[in-house]
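Heads up: the structure comes next, in structure tokens.
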Amino acid sequence: MTILYMLLVLIGLLMLIKPNVFWKLTESWKSNDAMEPSFLYVMSTRLGGGMCALAGIAGIIANYAV
């Protein structure tokens, strides 16, 4: 389970720090003419990345606290 939590933290940090890279990996192929993500997409991806990273950290802490 620790590997899963660490993966969650890494993906969360990618979303938090580099939302444009995450957009290129997941969403850019869906659009014919979009060159970059919208401001709303960047902000919501950063929020989601922060939540994923926090959930992963909480999972690691809970795993070792037992």
Side-chain angles (χ1 to χ4, degrees):
M1 286 302 284
T2 304
I3 294 172
L4 182 64
Y5 295 138
M6 291 173 70
L7 185 62
L8 191 61
V9 170
L10 290 175
I11 291 172
L13 287 176
L14 174 69
M15 292 170 65
L16 185 64
I17 296 169
K18 298 277 191 179
N20 291 339
V21 172
F22 190 75
W23 178 79
K24 282 198 181 281
L25 292 173
T26 60
E27 301 291 329
S28 65
W29 63 273
K30 295 179 185 176
S31 177
N32 289 334
D33 58 352
M35 299 304 289
E36 61 183 23
S38 66
F39 178 76
L40 181 61
Y41 179 86
V42 170
M43 289 297 116
S44 63
T45 301
R46 284 187 173 157
L47 178 65
M51 294 298 172
C52 285
L54 287 176
I57 292 169
I60 292 170
I61 292 170
N63 195 26
Y64 287 112
V66 174

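- Taking SG of Cys52 as the reference point, atom OH of Tyr5 lies at 13.5 Å (rounded to 0.5 Å).
- The cluster map of Ile, Leu, Val, Met, Phe, Trp and Tyr, joined by side-chain heavy atoms under 4.5 Å apart, puts Ile3 and Tyr64 in different clusters.
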* Going through the checks in order, is the side chain to side chain contact (heavy atoms under 4.5 Å, CB included) test met by Met6 and Ile60? -> CA-CA 8 Å; Met6 291 173 70; Ile60 292 170; 3.9 Å; yes

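- Residues Ile57 and Leu8 do not share a hydrophobic cluster, clusters being chains of Ile/Leu/Val/Met/Phe/Trp/Tyr side chains in contact below 4.5 Å.
- Two different hydrophobic clusters hold Phe22 and Leu40 under the rule that ILVMFWY side chains link at heavy-atom gaps under 4.5 Å.
- The shortest heavy-atom contact between Arg46 and Ile17 is NH2-O, 4.3 Å.
- Summarising the geometry, atom CE belonging to Met43 is positioned 10.0 Å from atom OG belonging to Ser38; distances are rounded to the nearest 0.5 Å.
- Proximity of Trp23 to Thr45: side-chain heavy atoms (C-beta onward) are nowhere separated by under 4.5 Å.
- Atom-to-atom distance recorded for Leu25:CG and Met15:CE is 11.5 Å, nearest 0.5 angstrom.
- Residues Leu13 and Leu47 do not share a hydrophobic cluster, clusters being chains of Ile/Leu/Val/Met/Phe/Trp/Tyr side chains in contact below 4.5 Å.
- In Met51, the CE atom is not crowded: 12 or fewer heavy atoms of neighbouring residues, nucleotides or ligands sit closer than 6.0 Å.
- Residues Pro19 and Val42 meet the side-chain proximity criterion, which asks for heavy atoms closer than 4.5 Å.
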* Audit row: Glu27, Tyr41, side chain to side chain contact (heavy atoms under 4.5 Å, CB included) steps and yes/no -> CA-CA 10 Å; Glu27 301 291 329; Tyr41 179 86; 3.5 Å; yes

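- Separating the CD atom in Glu36 from the OG atom in Ser28 is a distance of 12.5 Å, to the nearest 0.5 Å.
- Linking ILVMFWY side-chain heavy atoms closer than 4.5 Å, directly or via other members, places Leu54 and Val9 in two distinct hydrophobic clusters.
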